Amino acid sequence: KVGDSVFGSINSPGKRYGAWATHFCSKEQYITPKPDYLTYYEAAACAGSGKVASCAIIQCCSLQQDDKVLIVGASGGVGNLAVQIAKLKGAYVIGVCSKKNENLVKSLGADRVIDYTSTSYSELLIKENNKMDFVVDFVGGKETEEDSLKVLKKSGKFVTAVGPVKYIGDSKLGWWGITKYLSYICWRALQTQLKKPKYKFVAPTSSVYPIFMEIIEENSIKPIIDKVISFDQQEIKEAIKYVKTHRASGKVVIQINHT
């Protein structure tokens, strides 16, 4: 009702953007009351990322108790939520991040953290003969996919929210680039019907909303915020540059000042 504190999205995933504004319209199905335990900043930080993380961990992985999950990009805006959700489902979680974020990822519940700046996670796990049930990728790129396939069980699954282009969104692909990108994802998905491990691209739909909302309502996760900036054109430009360095721990949130 009027006056309620809510959070959510403008529209269904991937269809429309424009939340950097003082006012916007959204359908009722895409918003929900903000839980008291989340601050406004935290609610904003997990409104979109939480749906991607829920889709990746719950819908794409279908985790069972004690499944081994490797999360690449575990300290990022989506990865930090994925670690928490995977632990809620009883998985054994290994997070891949930089050394500076090791303690952060451990604090989220990760059973183990691998510093990608000092060692190759694939080489390390192969040496240990440590095979994963799932690898969930929030970084992207064919190199990440190739490394991940090396550490998966034959019955395992590679789940990516990014695809064959590392840090997609940093640059414009163009129509030809988009066509190649989508063709690769479709080809890999079809190929793994015959050749294991399986390949799964994370594509959230409206079906993930109730799943994510149930997790949130249980006071189960706490999104990580790297910094909060003002609703100022120059600050937003600087924040975009910062996010593109891929060194942010969690989310960068814009504070909308009411007048």
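When reading the values below, keep in mind they use all heavy atoms of this one structure, side chains included, and skip hydrogens, waters and symmetry mates. Source: prediction; values computed, not measured.
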Check: Ile221 main-chain N/O paired with Tyr37 side-chain donor or acceptor under 3.5 Å: yes

Ring geometry between Phe158 and Tyr199 (parallel below 30°, tilted from 30 to 60°, perpendicular above 60°): tilted

Minimum-distance pair of heavy atoms, taken over all atoms of Thr192 and Pro197: CG2-O, 3.3 Å

Lys180 atom NZ: more than 12 heavy-atom contacts under 6.0 Å: no

Distance in Å, Asp111 CG paired with Lys68 NZ, rounded so as to fall on 0.5 Å steps: 10.5 Å

Polar side-chain atom of Lys89 near backbone of Ile85 as donor-acceptor pair, under 3.5 Å: no

Side-chain polar contacts of residues 112-119 - donor-acceptor pairs under 3.5 angstrom, sequence neighbours left out - could you list them?
| residue | atom | partner | partner atom | Å |
| --- | --- | --- | --- | --- |
| Arg112 | NH1 | Glu128 | OE1 | 2.9 |
| Arg112 | NH2 | Glu128 | OE1 | 3.4 |
| Arg112 | NH2 | Glu128 | OE2 | 2.7 |
| Asp115 | OD1 | Lys99 | N | 3.1 |
| Asp115 | OD1 | Thr117 | N | 2.9 |
| Asp115 | OD1 | Thr117 | OG1 | 2.5 |
| Asp115 | OD2 | Thr117 | OG1 | 3.0 |
| Asp115 | OD2 | Ser118 | OG | 3.0 |
| Ser118 | OG | Asp115 | O | 3.3 |

Glu146/Lys150 ion pair, N-O < 4.0 Å: no

Trace of the side chain to side chain donor-acceptor pair (under 3.5 Å) decision for Thr205 with Gln59: CA-CA 11 Å; Thr205 66; Gln59 292 186 313; 5.4 Å; no

Neighbour count above 12 (heavy atom, 6.0 Å) for Lys87 NZ: yes

Asn101 side chain to Ser75 backbone, donor-acceptor under 3.5 Å: no

Phe231 atom CZ: more than 12 heavy-atom contacts under 6.0 Å: yes

N/O donor-acceptor pair under 3.5 Å between Ser54 side chain and Lys51 backbone: no

Closest approach of Met132 to Ile94 (non-hydrogen atoms, all atoms of both residues): CE-CD1, 3.8 Å

Heavy atoms from other residues, nucleotides or ligands near CG of Asp4 exceed 12 (cutoff 6.0 Å): yes

Nearest non-hydrogen partners of Val136 and Ala56, listed with the distance: CG1-CB, 4.0 Å

Test salt bridge (charged side-chain N to carboxylate O under 4.0 Å, His left out) applied to Glu123 and Lys127, step by step: CA-CA 6 Å; Glu123 291 179 5; Lys127 186 177 180 180; over 6 Å; no

Neighbour count above 12 (heavy atom, 6.0 Å) for Gln234 CD: yes

